[in-house]
Protein chains: 2
Amino acid sequence: MSVGIKDVAVAAGVSPATVSRVLANHTVKPELRERVETAIRLTGYRPNLSARRLRSQHSNTIGLIVPDIRNPFFTTLSRAVEDAAYLANMRVVLCNTDENPSRETMYLRLMQEERVTGVIYAPTRETAAQLDRLNFDFPVVLVDRHGPPGRHDSVVLDNRQAAATLVSHLYARGFRVIEGLFGNTSSTARDRLSGYTEAMNDCGLTPRANFVAPNPEAAVVAAREILSRKDKPEALIASNGLILLGIAQAMQELELRAPQDIALAGFDNEIWTGLIGSGITVIQQPVADIGHSAMRLLFERIETPEMAPRVVMLSGKLIERNSTKRSA
Amino acid sequence: MSVGIKDVAVAAGVSPATVSRVLANHTVKPELRERVETAIRLTGYRPNLSARRLRSQHSNTIGLIVPDIRNPFFTTLSRAVEDAAYLANMRVVLCNTDENPSRETMYLRLMQEERVTGVIYAPTRETAAQLDRLNFDFPVVLVDRHGPPGRHDSVVLDNRQAAATLVSHLYARGFRVIEGLFGNTSSTARDRLSGYTEAMNDCGLTPRANFVAPNPEAAVVAAREILSRKDKPEALIASNGLILLGIAQAMQELELRAPQDIALAGFDNEIWTGLIGSGITVIQQPVADIGHSAMRLLFERIETPEMAPRVVMLSGKLIERNSTKRSA
DNA sequence: TTATGAACTGAAAAGGTTTTCAGTTTTCTG
DNA sequence: CAGAAAACTGAAAACCTTTTCAGTTCATAA
């Protein structure tokens with residue numbers, strides 16, 4: 001049998017209530033506090049968090065629902081979220097959805113059952129669209145992706161702007177035939193597509209977009225096709241880090257080099273983008289900031305539930321590297 | 001007020017006990033079961049996991065304690081652990097220790113308070129050394145790193161063998177002056193050091209080992225020093241992926257290329273190791289296997305607590321790439 | 001000194017489940 | 001068809017805390 005608060009109370013010659021108060025740093029006479037503390041030490045007492053949560057109705061738990069923790073963007077995000085959580089003395093339950101809506105709803109249900117304090121969530125477009133139909137009894141902050149307008153707190157990159165930046169960068173460097181390879185599951189990919197399309201039109205160029213599941217395996221296949229065409233484009237844009245990776249792998253297979261054979265640019269400043277070849281031009285996202293902002297929004301929402309939903313939009317930063325150098 | 005099992009019971013005209021039995025798939029008359037199930041649907045009832053855990057004394061939670069989820073090795077490991085956990089209907093609480101012993105003990109305490117079913121844990125050498133002094137009331141499976149011999153279940157790579165493989169590979173390719181850059185916090189780095197040292201001696205070569213905190217930032221600094229020496233080695237071995245990355249960054253800074261300027265090999269077959277330059281030779285670890293094995297060991301330990309501790313040792317696989325090609 | 005209020009403490013209830021135990025119904029056996 | 005066994009159900013206890021409420025002690029002010 002493990003030692004409970006009663007045992008400590010007996011050992012210290014006080015009531016369980018007093019032990020509880022010592023634990024919670026409530027007001028207790030110094031002498032009793034002393035006795036309780038040594039009793040805790042002696043008995044090796046460890047509070048039972050399930051019991052505490054049940055009685056206090058505070059789970060001190062936040063849920064983090066992301067497509068796949070192996071995507072470095074979400075890895076870094078999760079680390080930022082966890083650091084902030086543990087500072088606030090909260091636990092994090094991590095869920096990987098694999099961009100699968102049925103897993104999403106299952107995890108949202110789980111969050112309900114855990115009675116989480118709040119959730120940070122990167123939804124697929126499919127689930128995001130129904131987000132106002134669902135009714136959670138915990139606050140949700142969307143991250144990296146947005147839901148129906150004006151309904152939820154969210155933290156996103158200025159994706160249209162970022163994609164447009166990429167296009168105008170390529171345009172300025174002299175590229176004219178610029179294709180894009182975009183994910184098909186997230187609002188983010190959509191926004192980047194819009195930014196790309198508009199910017200292309202503004203430059204008087206014809207946009208050409210390809211769509212693919214946002215993972216390297218699917219991207220390799222798509223990239224192979226694009227890169228093998230005899231009318232292959234002068235430049236290729238990837239809508240996220242995983243797709244960019246797929247393209248890089250396909251290029252290695254086909255022994256194509258950037259920018260000599262084709263220019264290449266994308267999103268997410270992963271380590272390898274600076275190391276490979278002579279560097280790949282990317283939009284760097286302030287990933288840790290995104291995580292911290294999301295936690296801040298979440299805490300503020302918990303504090304002030306009736307506050308109007310807020311959208312935090314952060315800017316990406318263009319990291320120019322050699323993959324978009326003007327070809328000789 | 002949220003709806004509880006009592007409300008469902010009232011709605012279905014049965015006792016709370018019966019609702020509980022329906023939930024747990026115990027034996028209940030079909031007709032009642034039917035009524036309960038519709039009552040659950042109608043009321044939108046979601047069980048309270050804290051209450052369930054408190055009463056049933058099963059947390060269905062496993063703890064995963066790793067140095068840093070951003071290390072791709074642990075990212076992949078965690079994904080494998082979580083997949084296995086959710087299949088077994090368990091939650092995962094993830095903890096990052098940053099190789100910091102005081103964070104380790106704090107998280108182990110937390111695991112105690114969560115009354116976790118078990119823990120999967122990659123300890124620092126410092127904490128590992130005291131591991132038999134600590135007494136947990138949950139099973140622990142060590143992963144990637146080992147503790148005092150014969151005390152705990154663990155899943156590790158055959159690190160000495162793997163390091164030796166790297167040395168003999170380099171030797172076979174004609175390299176003779178081979179230095180190593182090793183982490184200083186884990187048993188794993190120590191084992192790789194031993195393997196390196198022995199293999200070097202066996203080849204009649206003089207080992208030369210450098211030590212560094214196992215992160216890219218520290219490794220860059222150390223690598224700069226080594227690579228700038230006028231008597232710099234013919235080949236350099238990194239004891240893990242983060243250190244290898246640091247070396248790669250330093251080489252890029254100094255405009256050194258492998259294998260032309262110096263041969264390079266290391267551990268962890270991260271994506272970028274195949275993409276950078278003409279590829280870096282590495283030992284690939286069966287990371288997902290390690291995670292799954294750890295979960296298997298954990299479940300078996302829970303099943304049969306008195307079983308003697310077991311060590312699962314997996315083999316690494318040499319991925320030969322151009323960074324260790326014989327220099328002209 | 002006494003009244004007043006503040007500070008502190010303990011008994012008991014409450015939080016939402018599962019589980020035990022005893023009782024009731026149903027099924028089976030002869 | 002009687003009796004025994006099996007299957008099922010409900011009342012109440014239990015899990016371990018926190019919190020409320022009332023009571024006690026202590027200090028302060030009049």
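Just so it is clear, the values below take in all heavy atoms, side chains as well, and ignore hydrogens, waters and symmetry mates. Here is how names work: the chains are called A, B, and so on, in the same order as the sequence lines, proteins then strands, and each is numbered from 1.
- In this structure, the CD1 atom of I5(B) is 14 Å from the C1' atom of dG15(C), given to the nearest Å.
- No salt bridge links E114(A) with R46(B); every basic N to acidic carboxylate O contact stays at or beyond 4.0 Å.
- Within residues 36-45 of chain A, no residue approaches DNA chain C, by heavy-atom distance under 4.0 Å.
- Taking the ring-ring contact (aromatic ring centres under 6.0 Å, His included) definition, one finds that F138(A) meets it with F136(A), sequence neighbours left out.
- In this structure, CG of D7(B) is placed 12 Å from P of dG15(C), rounded to the nearest angstrom.
- Listed by chain and residue number, D268(A) satisfy the side-chain hydrogen bond (donor to acceptor under 3.5 Å, both in side chains) test with Q285(A) (two or more places apart in sequence, or in another chain).
- Taking the nucleotide of DNA chain D with the nearest heavy atom to each of A17(A) and L32(B), the more 5' of the two is matched to L32(B).
- The CG-C1' distance, from L49(B) to dT18(C), rounds to 13 Å in whole Å.
- In this structure Y86(B) satisfies the ring-ring contact (aromatic ring centres under 6.0 Å, His included) test together with Y107(A), sequence neighbours excluded.
- Not counting sequence neighbours, the partners of E300(A) by the salt bridge (Lys or Arg N to Asp or Glu O under 4.0 Å) test are R296(A), R310(A).
- If you take CZ of R53(B) and P of dA14(D), they are 24 Å apart, rounded to a whole angstrom.
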Result block: side-chain N/O donor-acceptor pairs under 3.5 angstrom for residues 16-30 of chain A, not counting sequence neighbours:
from   : atom 1 : to     : atom 2 : distance (Å)
T18(A) : OG1    : S15(A) : OG     : 3.4
N25(A) : OD1    : R33(A) : NH1    : 3.4

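- Atom-to-atom, CZ of R52(B) to P of dC16(D) comes out at 18 Å; the value is rounded to the nearest Å.
- Axis deviation across the helix from dT1(C)-dA30(D) to dG30(C)-dC1(D) amounts to 30°, comparing end segments of five pairs, rounded to 10 degrees.
- Summarising the geometry, the separation between CD on Q57(B) and P on dT20(C) is reported as 12 Å, rounded to the nearest angstrom.
- Whole-Å rounding puts the R115(A) CZ to dT18(D) C1' distance at 18 Å.
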Enumerate donor-acceptor pairs with a distance under 3.5 Å from any side-chain N or O in residues 89-102 of chain A to protein atoms, sequence neighbours excluded.
from    : atom 1 : to      : atom 2 : distance (Å)
N96(A)  : OD1    : I69(A)  : N      : 2.8
N96(A)  : ND2    : E82(B)  : OE1    : 2.8
T97(A)  : OG1    : E99(A)  : N      : 3.2
D98(A)  : OD1    : R79(B)  : NH1    : 3.0
D98(A)  : OD1    : R79(B)  : NH2    : 3.3
D98(A)  : OD2    : R103(A) : NH1    : 3.4
D98(A)  : OD2    : R79(B)  : NH2    : 2.8
E99(A)  : OE1    : R145(A) : NH1    : 3.1
E99(A)  : OE1    : T185(A) : OG1    : 2.9
E99(A)  : OE2    : R145(A) : NH2    : 3.0
N100(A) : OD1    : S102(A) : N      : 2.9
N100(A) : OD1    : S102(A) : OG     : 3.1

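- Side-chain atoms of R55(A) come within donor-acceptor range of the base of dT18(D), with a qualifying N/O pair under 3.5 Å.
- Atom CD in E113(A) sits about 13 Å away from atom C1' in dG16(C), given to the nearest Å.
- For K29(A), the side-chain atoms get nearest to dC26(D) when compared with the rest of dC26(D), dG10(C), dG15(C).
- Comparing dT17(D), dT18(D), dA11(D) against the side chain of S56(A) picks out dT18(D) as the nearest.
- The side-chain hydrogen bond (donor to acceptor under 3.5 Å, both in side chains) search around T117(B) returns S59(B), not counting sequence neighbours.
- For the salt bridge (Lys or Arg N to Asp or Glu O under 4.0 Å) test, residues two or more places apart in sequence or in another chain that qualify with D153(A) are R301(A).
- Remark: E113(B) CD is packed, more than 12 non-hydrogen atoms of other residues, nucleotides or ligands lying under 6.0 Å away.
- A search for side chain to side chain contact (heavy atoms under 4.5 Å, CB included) contacts involving R55(A) returns nothing, not counting sequence neighbours.
- Listed here is the closest heavy atom pair of L242(A) and P214(A): CD1-O, 3.4 Å.
- Residues from residues 18-27 of chain A that place a heavy atom under 4.0 Å from any atom of DNA chain D, listed by number: S20(A), R21(A).
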